Number of protein chains: 2
Amino acid sequence: MTAQRRALIETIQEATAHLDVASLLMQAREREPRINRATVYRTVELLKGLGMIDELDLMHLNGEKHYYEVKTQQDHLHLACFECGQIIEFATPAFERLKQEIAAINQFAIQVTRLEVGGLCSSCAAKKEKRLQQEPKPGPRG
Amino acid sequence: MTAQRRALIETIQEATAHLDVASLLMQAREREPRINRATVYRTVELLKGLGMIDELDLMHLNGEKHYYEVKTQQDHLHLACFECGQIIEFATPAFERLKQEIAAINQFAIQVTRLEVGGLCSSCAAKKEKRLQQEPKPGPRG
DNA sequence: CTCCAGTTGCGAATTAGTCGCAACTATGCA
DNA sequence: TGCATAGTTGCGACTAATTCGCAACTGGAG
Ligand SMILES: [Mn+2]
Ligand SMILES: [Mn+2]
Ligand SMILES: [Zn+2]
Ligand SMILES: [Zn+2]
């Protein structure tokens, strides 16, 4: 257990947002300035393997980065709004049941699950609805 | 509708495996040699936006690429075995119900869903089980 | 047949992620 | 305490994935 790993783990655990590698590096450096980018990548792989963190795409709303978050007791899924970029987190027993069904039917020993949903949040859907009413003839780009 | 787009769409539709951009480019070139890598990226973005294809990570078992497949009537999920690399596809009404619940509770207009699961397939789980029995004291890398 | 909005190829640029290796350090042991 | 060393790190160069600007091209409407 090195100072670098401690800083990275604490940063992820106390983070309020989903962190990509660049943000993770910057924030971890506030705790421990001697951290290198390569160490972040290596540690993230390590923690993924240990099942301590999950990796997310968040629908690639902001480029091709990956995001990381602590793995908590109950898995949650992520809803990403294509319009406003908002990320909604959501957990439900139905998801837990689905995982059990997947494991049972396929005889598969689940270690990680990742459910990401893209679409429009309620307010953005409402805005788009209103726009369509005002402009009944759709333009060439919908 | 250009020859390039036609070739790319047909290639994805008739593909038997999940295609990354490099494979997609190679296979599409067999139909239409005048295709450039940039066009593949641009077309893939287009088709994603139109909801004609889905993008997958497949747990990044083979590097950081993304994979593409035609979007069919019923969404299916992907199970990736960390040991042998096998990808299992699976569809179930429970997943469809979960999506409806997500949309209803969050008032979210779903356009894309992506459920990926990582773990061990049944045969790899059995092998690991046997290995543990023969070697009761676990090594430092479990 | 003409025209042009939209698409493409090209090649360079950017960005994310990886790697080899020498220097360093946590940790178990004398 | 100090030593040995397995494992970790920083560095910097590298690879791979993706994006971009722009001039040339083309599908298809008229
Ligand atoms: Mn989250
Ligand atoms: Mn990804
Ligand atoms: Zn929104
Ligand atoms: Zn397997």
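First the proteins, then the strands, lettered A, B, ... as listed; each starts at 1. Being a predicted model, the structure only gives us computed values, none of them experimental.
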Parallel, tilted or perpendicular, judged at 30° and 60°: which one describes the rings of A:His66 and B:His66?
tilted
Residues from residues 5-17 of chain A lying under 4.0 Å of DNA chain D - heavy atoms:
A:Arg5
Just how far is it from atom CD1 of B:Ile12 to atom CD of B:Gln27, taken to the nearest 0.5 Å?
10.0 Å
Please report the end-to-end axis angle for the helix from C:dC1-D:dG30 to C:dA30-D:dT1, five pairs per end, rounded to 10 degrees.
30°
side-chain hydrogen bond (donor to acceptor under 3.5 Å, both in side chains) with A:Glu101: which residues, sequence neighbours excluded?
B:Thr92
Length of the CE-P vector between A:Met26 and C:dA16, whole Å:
12 Å
Does A:Ala3 or A:Glu64 map to a spot on DNA chain D nearer the 5' end, using the closest nucleotide for each?
A:Ala3
Qualifying residues under side-chain hydrogen bond (donor to acceptor under 3.5 Å, both in side chains), relative to B:Arg42, sequence neighbours excluded:
none
About how many Å separate NZ of B:Lys71 and CG of B:Leu50, when rounded to the nearest 0.5 Å?
10.5 Å
Any side-chain N or O of B:Thr39 under 4.0 Å from OP1/OP2 of C:dG9?
yes
Sorted by position of nearest nucleotide on DNA chain C, 5' first, the leading residue of A:Ala22 and A:Arg42 is A:Ala22
Please determine if a side-chain N or O atom of B:Tyr41 lies less than 4.0 Å away from the OP1 or OP2 oxygen of D:dT18.
yes
Between A:Tyr67 and A:Glu55, is any side-chain donor less than 3.5 angstrom from a side-chain acceptor?
no
Over how many whole Å does the gap from A:Leu46 atom CG to D:dT9 atom C1' extend?
13 Å
With salt bridge (Lys or Arg N to Asp or Glu O under 4.0 Å) as the rule and sequence neighbours excluded, what pairs involving residues 13-26 of chain B come up?
B:Glu14-B:Arg31, B:Asp20-B:Lys65
Taking only Lys NZ, Arg NE, NH1 and NH2, and the carboxylate oxygens of Asp or Glu, determine whether A:Arg114 and A:Asp57 approach each other closer than 4.0 Å.
yes
Looking at A:Thr2, does any N or O in its side chain come under 4.0 Å of the phosphate oxygens OP1/OP2 on D:dT9?
yes
Quick test of your reading of the model: are B:Glu32 and B:Arg34 salt-bridged, counting only N-O distances below 4.0 Å?
no
Using the ring of each side chain (for Trp, its six-membered ring), is A:His18 parallel, tilted or perpendicular to A:His76, with breaks at 30° and 60°?
tilted
From CG of A:Asp20 over to C1' of C:dA16, roughly how many Å is that when rounded to an integer?
10 Å
A:His60 NE2 - C:dT15 P separation (whole Å):
17 Å
Could you identify which residues of residues 30-38 of chain A place a heavy atom less than 4.0 Å from some atom of DNA chain C, listed by residue number, or say none?
A:Arg37, A:Ala38
What is the distance, rounded to the nearest whole Å, between atom CG of B:Leu24 and atom P of D:dT18?
12 Å
Backbone N or O of A:Ser122 within a donor-acceptor pair of the B:Gln107 side chain at under 3.5 Å?
no
Between C:dT15 (P) and A:Leu25 (CG): distance, integer Å
16 Å
Value rounded to 0.5 Å, distance of CD1 in B:Ile102 from OG1 in B:Thr113:
8.0 Å
A:Gln4 atom CD is separated from C:dT25 atom P, nearest whole Å, by 9 Å
Spacing between B:Met1 atom CE and D:dT26 atom P, to the nearest angstrom
17 Å
